[in-house]
Amino acid sequence: VQLVESGGGLVQPGGSLRLSCTVSGLTYDGFDRHGMAWFRQAPGKKREGISCIAWSNDFIYYSESVKGRFTISRDNAENTVYLQMNKLQPEDTATYYCAAHFAGNCQTFEERLFEYWGQGTQVTVSS
């Protein structure tokens with residue numbers, strides 16, 4: 001199973017980025033049966049779960065740190081989950097990871113539940 005993130009980069013404060021995470025190799029239990037989430041880890045800090053979308057697409061979670069600025073979505077036909085990030089601030093600088101949880105409904109959002117992880121994409125917010 002491979003999760004490949006893309007879309008990171010350098011952006012000025014107040015700017016936007018859209019991250020993508022494309023999943024391959026989920027042969028028996030497909031992408032559409034997995035809850036998908038985004039985590040981030042800033043230098044010297046613990047990894048933080050910031051958003052999750054249920055496998056059934058009927059529940060979405062945002063952490064307080066990103067609520068109202070970030071939007072998670074999924075395209076099951078493309079095996080891809082997205083994170084639209086608006087109004088970015090320097091404190092959003094981190095490596096962003098996507099993760100997959102079989103049958104995940106995101107109502108219990110714990111890092112330990114996610115079986116598959118991407119390698120991460122760097123987001124830097126700086127003027």
Just verifying a value: how many Å separate [X] [atom1] and [Y] [atom2], rounded to the nearest 0.5 Å?
X: R33; Y: L26; atom1: CZ; atom2: CG; answer: 12.0 Å
X: W38; Y: I50; atom1: CH2; atom2: CD1; answer: 8.5 Å
X: C21; Y: Q119; atom1: SG; atom2: CD; answer: 11.0 Å
X: F70; Y: S16; atom1: CZ; atom2: OG; answer: 9.5 Å
X: D58; Y: C106; atom1: CG; atom2: SG; answer: 9.5 Å
X: R69; Y: Y62; atom1: CZ; atom2: OH; answer: 12.0 Å

Quiz prompt | Exceeds 12 heavy-atom contacts within 6.0 angstrom, atom CD of Q41 | solution = yes
Quiz item: Does CD in Q89 sit with more than 12 non-hydrogen atoms of other residues, nucleotides or ligands closer than 6.0 Å?
Solution: yes
Exercise. Using the six-membered ring wherever Trp is involved, compare the ring planes of F109 and F114 and label them parallel, tilted or perpendicular (cut-offs 30° and 60°).
Key: perpendicular
Contact summary for [X] and [Y], nearest pair of heavy atoms:
X: P13; Y: S126; result: CD-C, 3.6 Å
X: A94; Y: A42; result: CB-N, 3.8 Å
X: S51; Y: L83; result: CB-CD1, 4.3 Å

Quiz item: Out of T71, I72, D75, which one pairs with Y82 under the side chain to side chain contact (heavy atoms under 4.5 Å, CB included) rule?
Solution: D75
Could you check whether any side-chain N or O of [X] sits under 3.5 Å from a backbone N or O of [Y], counting only pairs where one atom can act as donor and the other as acceptor?
X: T95; Y: Q122; result: no
X: R74; Y: G35; result: no
X: E48; Y: R40; result: no
X: E5; Y: C98; result: yes

Do [X] and [Y] share a hydrophobic cluster (ILVMFWY, side-chain heavy atoms under 4.5 Å, transitive)?
X: F31; Y: I60; answer: yes
X: V1; Y: V81; answer: yes
X: W55; Y: I53; answer: no
X: F102; Y: Y116; answer: no

Practice problem: Decide yes or no for L19 and V123: does some side-chain heavy atom of the first lie under 4.5 Å from some side-chain heavy atom of the second? | Solution: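 With C-beta onward as the side chain, the pair touches.
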Quiz item: Is there a side-chain contact between V66 and M85, using heavy atoms and a 4.5 Å cut-off?
Solution: no
Quiz item: Would a line drawn from the ring center of W117 to the ring center of F39 be shorter than 6.0 Å?
Solution: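 Judged by ring-centre distance (under 6.0 Å), W117 and F39 do meet the cut-off.
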Self-check item: Check: T22/N79 side-chain N/O donor and acceptor closer than 3.5 Å
Solution: no
Quiz item: Between the side chains of T124 and T93, is a donor N or O closer than 3.5 angstrom to an acceptor N or O?
Solution: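 No, no side-chain donor-acceptor pair sits under 3.5 Å.
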Quiz item: Which pairs pass side chain to side chain donor-acceptor pair (under 3.5 Å) with one or both residues in residues 97-110, sequence neighbours excluded?
Solution: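 Side chain to side chain donor-acceptor pair (under 3.5 Å) check on residues 97-110 returns E110-R112.
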